Amino acid sequence: MRSPLSPEMATQEVPLNETLAHLKTESETLKLKLEEERAKLHDVELHQVAEKVEGLGQFVMKTRRTLKGHGNKVLCMDWCKDKRRIVSSSQDGKVIVWDAFTTNKEHAVTMPCTWVMACAYAPSGCAVACGGLDNKCSVYPLSLDKNENLAAKKKSVAMHTNYLSACSFTNSDMQILTSSGDGTCALWDVESGQLLQSFHGHAADVLCLDLAPSETGNTFVSGGCDKKANVWDMRSGQCIQSFETHESDINSVRYYPSGDAFASGSDDATCRLYDLRADREVAIYSKESIIFGVSSVDFSLSGRLLFGGYNDYTINVWDVLKGTRVSILFGHENRVSTLRVSPDGTAFCTGSWDHTLRIWA
Amino acid sequence: MSPCSICKSYSMEEVIARMQDEKNGIPIRTVKSFLTKIPSVFSGSEIVQWLIKNLDIEDPVEALHLGTLMAAHGYFFPISDHVLTLKDDGTFYRFQSLCLSPSAVYLCKRTMQNKARLELADYEAESLARLQRAFARKWEFIFMQAEAQAKVDKKRDKIERKILDSQERAFWDVHRPVPGCVNTTEVDIKKSSRMKNPHKTRKSVYGLQNDIRTHSPTHTPAPEAKQPTEEELQHQITFWQLQLDRHRLKMSKVAESLVGYTEQYFEYDPFLTPPDPSNPWISDDTTLWELEASKEPGQQRVKRWAFGIDEVLKDPVGREQFLKFLESEFSSENLRFWLAVQEVKKRPIREVPTRVQEIWQEFLAPGAPSAINVDSKSYGKTTQNIKDPGRYAFEDAQEHIYKLMKSDSYSRFIRSSAYQELLQAKKKKSKNLF
């Protein structure tokens with residue numbers, strides 16, 4: 001507790017520093033104790049238990065569609081629930097809605113800022129959200145009339161104090177979850193723009209988030225430049241679990257389909273799997289020859305495969321259970337910046353700094 | 001076969017340093033050509049072979065790709081080409097001067113700027129120290145090279161001049177690439193903005209010039225974390241204490257669960273089991289999607305509802321069938337309540353108070369037409385909540401009802417003849433086809 005002001009300021013400073021040092025030690029001791037507790041339950045490795053599982057055969061995954069139309073680096077994309085439409089955003093401010101199946105562009109809007117790093121499709125399929133260097137997240141209703149100027153109906157929803165790194169609708173068109181370079185995440189009411197809940201706890205830029213797939217859950221996970229992956233309670237705003245094993249920025253987080261675990265991709269060139277029930281990292285996906293960072297990760301529908309988009313222009317496909325790489329996919333001519341599996345798991349889409357998007361199956 | 005453990009050598013600089021190692025690196029030699037000598041070179045195939053051997057690569061295609069990236073970033077270059085790719089043949093390559101390599105360029109510039117007061121931020125000092133360690137004895141050489149850059153052209157011997165000229169040319173090939181080539185000096189603005197505007201409090205004078213764009217392409221150093229306040233530390237302590245109290249499962253249990261889940265959904269994963277009739281992206285035929293959109297669910301889809309209550313609740317057709325079954329038993333109020341509460345959470349905040357009242361009246365108020373049974377604790381909490389209605393007013397009641405449905409109504413539904421019929425329906429149909 002702070003002492004009241006007194007003439008001898010020098011002597012007052014000593015107890016304060018001691019208190020801070022004492023608290024710091026206490027915090028660090030507890031943290032170490034937690035790691036010990038977590039380690040106690042580490043009786044077996046995931047890949048050992050997975051030895052009884054049949055190995056995966058050879059995969060033939062190819063680019064099935066190439067979407068050309070962006071004039072600059074593609075930074076983000078999201079699928080529509082109809083399993084075929086996607087929205088993508090790029091460095092030059094363009095946001096495009098495509099029917100990926102036919103490769104036709106259906107809508108295009110130019111944002112007033114460059115580096116649109118985040119975009120998301122609304123669950124109804126009737127709107128898209130996007131943002132980036134403008135520090136905002138805006139929602140554009142998608143009109144059936146192709147001639148209508150989308151920009152006119154734009155609605156500004158989220159306001160951060162630094163760049164918007166990711167956004168996602170909850171299971172409704174009416175709420176958006178955002179993450180930002182200002183170190184926070186936030187939940188917003190779309191109609192009023194009201195801040196419903198903010199999430200503080202990251203010590204640096206938050207780069208990614210993913211909502212838990214549960215029908216009943218109210219949680220999401222975020223990853224940041226502080227190398228931490230945090231699980232949050234949307235109702236209370238509290239961080240309920242935290243994991244810090246990566247050696248660099250976490251660029252992407254994605255839940256395992258059951259919601260009991262999540263994967264992360266980092267600048268340290270590894271992907272990792274964390275289980276929420278075991279409360280620890282349970283697998284690392286890495287290779288000596290992979291030295292470039294992972295920009296984005298996603299699971300196949302069963303959770304058996306983990307797809308990673310890398311800064312070395314490739315996609316590595318991992319066997320989640322056995323920990324081995326089953327395939328490496330070439331095709332993009334620059335960094336893969338974004339990767340999402342389609343809602344029914346029939347394909348995944350990648351976006352790249354080479355200005356294109358590709359659909360793989 | 002166990003997976004590779006994490007290799008420490010993930011940064012480009014460390015791999016390059018290994019490639020330049022006198023003992024285990026790529027042998028560098030002078031080649032005698034017609035009337036002239038080509039100093040300090042090695043061939044493309046030698047690079048590929050080295051990568052395969054030292055980085056445990058199985059496929060030469062992968063080694064070639066990685067090598068091409070290294071060339072594109074400027075760590076070594078073809079001596080007779082402006083296009084920076086790697087060829088798996090006798091083409092000659094030369095290492096870039098360490099001083100002109102991406103991260104060294106940046107750090108050397110910084111060093112030269114503040115030669116008198118070497119005020120580097122902690123992470124810069126760390127990067128500098130790292131580079132110094134990696135390049136050991138060659139550091140002196142780097143410094144010499146850095147000074148040579150700044151000074152006017154000194155008199156050098158012909159061979160050295162040849163090498164330096166080619167290295168300088170290659171430097172510009174990286175920074176001003178030939179049209180069509182990737183500019184590898186481009187950075188992700190999320191990372192570069194952090195380097196220019198360091199986070200929160202900083203100790204050093206950090207006046208970065210705008211033209212410094214380069215940093216390690218594979219590893220952005222971590223920003224300096226600010227010192228936590230007393231309040232933050234208290235908060236941290238409370239957090240760790242809560243975490244310690246958490247109930248954890250053993251790895252063996254968790255692993256079994258993960259294995260079990262993926263095995264159960266194996267047949268539903270289009271990447272593992274080709275969908276029936278076909279994957280639209282591969283066959284260009286959208287029948288699969290048309291079938292899913294139809295009101296008649298296929299057998300595989302119906303089978304999935306038995307995996308757990310969440311499967312029924314997240315499938316609109318499943319929800320419909322579940323509701324229909326419960327209505328036939330006159331016990332649908334629980335599910336209707338659950339669905340109504342889910343709906344209210346999806347509404348704009350403006351509509352919430354009205355909707356909450358409606359739900360209260362319909363399901364929980366004394367004399368409610370669709371009265372549901374919740375435990376007294378939840379009921380008490382809910383009564384309090386609706387006085388100041390928010391989106392989570394019914395959270396406790398909903399949780400209680402969910403558990404009830406899971407153990408009671410849901411199990412009855414799966415055992416019901418209605419469900420069994422749906423499960424058999426498609427089977428019969430396909431039997432008739434044969």
Side-chain angles (χ1 to χ4, degrees), chain A residues 19-20 23-24 26-27 30-31 33-34 37 41-44 46-47 49-50 53 64 83 115 165 171-172 174 189 191-192 194 203-204 215-216 235 248 258 267-270 275 277-279 284 286-289 291-292 300-305 312 321 323-324 328 334 345-347 359 361, chain B residues 2-4 6-7 10-12 15 55-57 62 65-66 69 182 189-190 194 199 218-220 223 225 230 233 236-237 240-241 243-244 246 248-252 254-256 258-259 261-262 265-266 268-272 275 279-282 289 310 313-314 346-350 392 402:
Chain A
T19 317
L20 271 176
L23 286 174
K24 234 186 164 182
E26 199 185 331
S27 174
L30 282 170
K31 194 176 170 185
K33 213 176 165 201
L34 177 64
E37 290 300 308
L41 297 165
H42 188 193
D43 55 347
V44 76
L46 175 61
H47 65 83
V49 173
V53 177
R64 305 290 173 173
K83 310 157 199 172
W115 287 88
S165 54
N171 56 4
S172 150
M174 294 297 141
D189 179 68
E191 196 197 52
S192 62
Q194 189 185 332
E215 287 305 297
T216 53
R235 191 180 163 192
S248 189
S258 74
D267 274 350
D268 69 8
T270 70
D275 188 286
R277 302 159 297 185
D279 188 35
I284 305 179
S286 70
K287 254 180 162 286
E288 209 174 337
S289 54
I291 60 178
F292 283 82
S300 72
L301 195 138
S302 66
R304 181 67 189 269
L305 299 175
D312 66 359
L321 301 178
T324 53
I328 177 170
N334 205 328
T346 49
I359 309 284
Chain B
S2 59
C4 287
I6 189 182
C7 174
Y10 62 75
S11 76
M12 186 85 102
V15 176
L55 293 184
D56 195 27
I57 297 176
E62 223 187 303
H65 180 83
L66 181 58
L69 278 171
V182 172
I189 203 161
K190 293 179 291 204
R194 256 168 52 223
H199 229 262
T218 55
H219 185 62
T220 316
E230 194 180 320
L233 282 168
Q236 269 179 32
I237 289 166
W240 296 130
Q241 280 167 340
Q243 292 303 308
L244 273 164
R246 163 188 297 279
R248 267 169 222 91
L249 288 186
K250 273 196 287 187
M251 259 310 292
S252 42
V254 150
E256 286 294 345
L258 291 170
V259 168
Y261 185 93
T262 56
Y265 285 87
F266 195 95
Y268 295 90
D269 189 333
F271 277 100
L272 303 174
N279 185 325
W281 299 101
I282 301 175
W289 291 334
D310 277 10
L313 293 175
K314 79 179 182 198
K346 294 182 186 181
R347 302 310 306 163
I349 201 87
R350 174 182 52 88
Y392 296 107
Y402 176 82

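Naming convention: chains lettered A, B, ... in sequence-line order (proteins, then strands); numbering from 1 in each chain. Remember, it's a predicted structure, so these values are computed and weren't measured experimentally.
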Looking only at heavy atoms and a cut-off of under 4.5 Å, which of [options] has the most pairs with chain A?
options	result
B/Tyr265, B/Tyr392, B/Tyr268	B/Tyr392
B/Val182, B/Ile57, B/Ile237, B/Val259	B/Ile237
B/Glu62, B/Glu256, B/Gln236, B/Arg347	B/Glu62

Please round to the nearest 0.5 Å and tell me the distance separating atom [atom1] of [X] and atom [atom2] of [Y].
X	Y	atom1	atom2	answer
A/Ile291	B/Leu69	CD1	CG	8.0 Å
A/Asn171	B/Lys314	CG	NZ	13.0 Å
A/Phe292	B/Met12	CZ	CE	3.5 Å
B/His65	A/Ile328	NE2	CD1	6.5 Å
B/Phe266	A/Arg304	CZ	CZ	6.5 Å
B/Leu258	A/Arg277	CG	CZ	5.5 Å

Any [X] side-chain heavy atom under 4.5 Å of [Y] side chain:
X	Y	answer
A/Leu301	B/Phe271	no
B/Val254	A/Leu41	no
B/Gln243	A/Asp279	yes
B/Leu233	A/Leu20	yes
B/Met251	A/His42	yes
B/Trp240	A/Ser27	yes

Can you tell me which portion of [X] sits under 4.5 Å from chain A's heavy atoms? Options are side chain, backbone, both or neither.
X	value
B/Asp310	both
B/Tyr402	side chain
B/Arg246	side chain
B/Leu313	both
B/Leu66	side chain

So which heavy atom on [X] is nearest to which on [Y], and how close?
X	Y	result
A/Asp189	B/Ile349	OD1-N, 2.9 Å
A/Gly345	B/Pro270	O-CG, 3.3 Å
B/Asp269	A/Gly303	OD2-N, 4.4 Å
B/Pro280	A/Thr346	CD-CG2, 4.4 Å
A/Ser302	B/Thr262	O-CG2, 3.1 Å

**OP:** Count the heavy-atom pairs under 4.5 Å between each of A/Asn334, A/Leu305, A/Val44 and chain B, then report the option with the highest count.
**Re:** A/Val44
Original post:
Out of A/Leu321, A/Asp43, A/Asp275, which one racks up the most heavy-atom pairs below 4.5 Å with chain B?
Top reply: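 Highest number of heavy-atom pairs under 4.5 Å: A/Asp43.
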Contact class of [X] relative to chain B, heavy atoms under 4.5 angstrom:
X	result
A/Gln194	side chain
A/Leu34	both
A/Asp312	both
A/Ser192	side chain
A/Ile359	side chain

Original post:
Hey, is A/Glu37 close enough to B/Arg248 for a salt bridge, meaning N to O under 4.0 Å?
Top reply: no
**OP:** Kindly indicate, with the supporting measurements, whether the criterion side chain to side chain contact (heavy atoms under 4.5 Å, CB included) is fulfilled by B/Leu55 and A/Lys287.
**Re:** CA-CA 8 Å; B/Leu55 293 184; A/Lys287 254 180 162 286; over 6 Å; no
Original post:
Hey, is NZ on B/Lys250 packed in by over 12 heavy atoms from elsewhere, all under 6.0 Å?
Top reply: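 Count not over threshold, so no.
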